[in-house]
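Below, all heavy atoms of this structure are taken into account, side chains as well, without hydrogens, waters or symmetry copies. In listed order, ligands and their atoms are each counted from 1. If you're wondering where the values come from, they're calculated on a predicted model, not measured in any experiment.
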Amino acid sequence: MTTPVRRELTIDGGRLDQRIAALAEVGSIDGGGVCRLALSPEDKAGRDLVVGWMRELGLAVSVDRIGNVVGVRPGRRDGPPVMTGSHIDTVRTGGRYDGNLGVLAGVEVIETLNTAGIETEHPLAVAFFTNEEGARFAPDMMGSLVYVGGMGVDEALGVVGIDGRSVGDCLAEIGYAGEAGCGAPAVKAFVELHVEQGPVLEAEGVVIGAVEGVQGISWTEYTIGGVSNHAGTTPMRMRTDAGYAAAAIACEARRIATEFGGDQVATVGAITLKPNLVNVIANHALLTVDVRNTDEATLQAAEKRMADFVAALVRDEGVTITSRTLARFEPVAFDPDLVDKVEAIAWAQGHSVRRLPSGAGHDAQMLARVCPTAMIFVPSVGGISHNVREYTSPEHLQAGTNVLLHVMLDLAG
Ligand code: HGY
Ligand code: MN
Ligand code: MN
């Protein structure tokens with residue numbers, strides 16, 4: 001069957017690329033990547049740039065108490081907008097597309113409609129949510145979680161990050177401690193465009209991902225206490241080695257993923273030792289474990305396996321270990337009708353399309369709690385992300401943004 005490619009409104013890919021490049025200049029790091037940790041001066045500069053574009057396009061911009069920014073374009077009638085968006089904060093070694101594409105594609109959709117003089121029945125909105133990454137302040141998707149009422153705004157403002165500063169202080173410092181209550185405006189539907197950040201679409205030569213949901217996420221921080229001692233004189237039987245315990249947990253995380261197989265992933269991304277010296281047995285370790293699975297029961301089994309391992313480590317090594325949950329979100333399924341719509345519109349535009357779950361967390365998984373929500377993926381070259389080498393071709397950026405345009409038009413009437 002030939003695919004019906006309709007003559008239809010298309011976005012301006014060059015303009016989108018220019019905005020992506022301009023935003024990537026803010027907090028740019030070697031290799032073409034970006035470092036704009038949430039609520040940093042670089043995050044502020046990025047926010048100011050995007051808010052400027054929103055205002056130039058005539059959007060009514062509001063900032064809420066956790067710093068979420070929403071730009072609304074009126075429709076023929078009032079009421080909840082059809083919203084798109086994502087995040088512009090990045091990890092320390094971020095790429096220029098993670099989150100940024102979703103926000104700038106939304107801006108491009110608005111400019112395309114303005115230029116074409118198209119008015120929609122329902123209002124449209126473009127948002128960027130505070131601290132999606134969670135790399136500096138846990139949990140991730142913090143701003144959108146507060147937006148949907150999953151976390152109290154005062155609780156979020158009180159969170160202290162990895163550098164000892166609070167969300168509230170840093171938000172005020174960058175001038176984005178807004179007045180608007182969180183969760184306004186209510187949303188009619190939410191569609192987020194994002195790079196896949198994994199290898200699936202590229203491996204299959206597919207251009208558009210109709211994302212069916214997001215896997216469950218579990219982040220735990222372990223604080224390990226040992227006894228510092230001389231690396232040369234202390235017999236092995238007399239050691240209480242926090243460094244060994246941290247390494248053992250990292251190896252168990254890998255064993256769990258290997259033995260569970262399937263979608264199970266496990267990562268120890270951060271380890272710090274004290275006194276962190278070549279000839280001193282560590283008396284302190286701080287590490288994080290990130291485990292994820294598309295299935296909640298399996299994710300819980302992985303968590304229990306790790307908890308049992310840690311208990312045995314305390315018994316056998318004599319170390320003390322305390323744990324703190326940094327983030328815990330169950331798997332989320334997106335709205336089936338909206339996923340169908342994404343798939344149908346991608347197909348009608350002549351793109352190859354396949355359904356898949358998201359391995360990464362996204363703001364959409366939070367908006368799914370309050371309105372029909374879906375995501376559109378475009379391929380990541382080499383499946384690389386959270387890495388300066390993150391790359392998606394201009395053709396694929398354009399394809400994804402055109403699908404977003406028409407999904408939003410379809411929803412907004
Ligand atoms: O961790 C994640 O999946 C997302 O990048 N915050
Ligand atoms: Mn992201
Ligand atoms: Mn990310």
Side-chain angles (χ1 to χ4, degrees), residues 20 23-24 27 29 33-39 43 46 50 68 84-106 127-146 150-151 159 161-162 190-198 209 211 213-221 263-270 288-294 299 325-332 356-368 373 375-380 383-392 397 400:
I20 289 174
L23 182 52
I29 54 178
V34 183
C35 175
R36 285 200 307 270
L37 287 175
L39 310 184
D43 185 23
V50 177
N68 295 320
T84 188
S86 191
H87 60 96
I88 61 169
D89 66 298
T90 75
V91 294
R92 203 171 269 138
T93 56
R96 60 179 54 196
Y97 305 100
D98 177 358
N100 302 309
L101 170 62
V103 177
L104 298 182
F128 58 82
F129 297 99
T130 294
N131 184 34
E132 186 278 344
E133 291 294 357
R136 183 182 181 196
F137 305 100
D140 53 350
M141 288 76 72
M142 179 188 277
S144 48
L145 180 63
V146 171
M151 182 179 196
V159 165
I162 57 175
F190 184 80
V191 189
E192 178 175 359
L193 171 63
H194 205 289
V195 289
E196 179 202 335
Q197 302 180 287
V211 187
V214 178
Q215 69 177 341
I217 298 177
S218 168
W219 288 359
T220 306
E221 177 191 78
D263 293 332
Q264 186 63 52
V265 289
T267 311
V268 170
T288 58
V289 175
D290 173 327
V291 286
R292 309 193 194 195
N293 199 297
T294 51
L299 183 54
T325 299
L326 297 179
R328 181 61 169 92
F329 301 120
E330 295 194 7
V332 168
L356 75 170
S358 173
H362 298 288
D363 294 309
Q365 75 187 86
M366 301 307 172
L367 273 291
T373 297
M375 289 187 76
I376 305 161
F377 273 175
V378 286
S380 292
I384 291 281
S385 185
H386 285 188
N387 178 317
V388 297
R389 288 176 32 233
E390 183 182 84
Y391 182 72
T392 297
L397 298 173

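Interface atoms of ligand 1 facing Trp219, defined by a heavy-atom separation under 4.0 Å, are 1 (O). Here is the list of ligand 1 atoms found below 4.0 Å of a heavy atom in Ala360: 3 (O). Contact atoms of ligand 1 toward His386: 5 (O) (distance under 4.0 Å to a heavy atom of the residue).
Applying the side chain to side chain donor-acceptor pair (under 3.5 Å) test between His87 and each of Asn68, Asn131, Asp98, Thr130 identifies Asp98 as the sole match.
Counting heavy atoms from C-beta on, the side chains of Asp140 and Trp219 come closer than 4.5 Å. Put simply, the side chain of Ile217 reaches to within 4.5 Å of the side chain of Met141, judged on heavy atoms. In this structure the side chain of Thr90 reaches within 4.5 angstrom of the side chain of Asn100, judged on heavy atoms.
Distances from the Mn ion (ligand 3) to each N, O or S atom of Glu133 single out OE2 as the nearest.
Distances from the Mn ion (ligand 3) show that Glu132 has no N/O/S atom below 2.8 Å. The distance from the Mn ion (ligand 2) to the nearest N/O/S atom of His362 is not under 2.8 Å. Residue side and main chain included, Asp98 places an N/O/S atom under 2.8 Å of the Mn ion (ligand 3). In summary, an N, O or S atom of His386 is located under 2.8 Å from the Mn ion (ligand 3).
Using modelled atom types, one side-chain atom of Gln215 and one backbone atom of Gly359 make a donor-acceptor pair closer than 3.5 Å. Judged by distance alone, with hydrogens and angles left aside, the side-chain atoms of Thr93 form a donor-acceptor pair with the main-chain N or O of His386 at under 3.5 Å. Within the 3.5 Å criterion, the main-chain N or O of Glu133 finds a donor-acceptor partner in the side chain of Asp89.
A donor atom on one side chain and an acceptor atom on the other are found under 3.5 Å apart for Glu192 and Ser86. Remark: the Thr288 side chain and the Glu221 side chain contain no N/O donor-acceptor pair separated by less than 3.5 Å.
In terms of polar-atom proximity, Gly361 is counted as a contact of ligand 1, with an N or O under 3.5 Å from an N or O of the ligand.
Closest to atom 6 (N) of ligand 1, if we only count protein heavy atoms, is Glu132 OE2, 3.2 Å. The protein heavy-atom contact nearest to atom 5 (O) of ligand 1 is Glu133 OE1, 2.9 Å.
The closest approach between Gln197 and ligand 1 stays at or above 4.0 Å for every heavy atom of the residue.
For atom 1 (O) of ligand 1, the candidate residues are His362, Gln365, Met142, Arg292; the nearest heavy-atom contact is made by Arg292.
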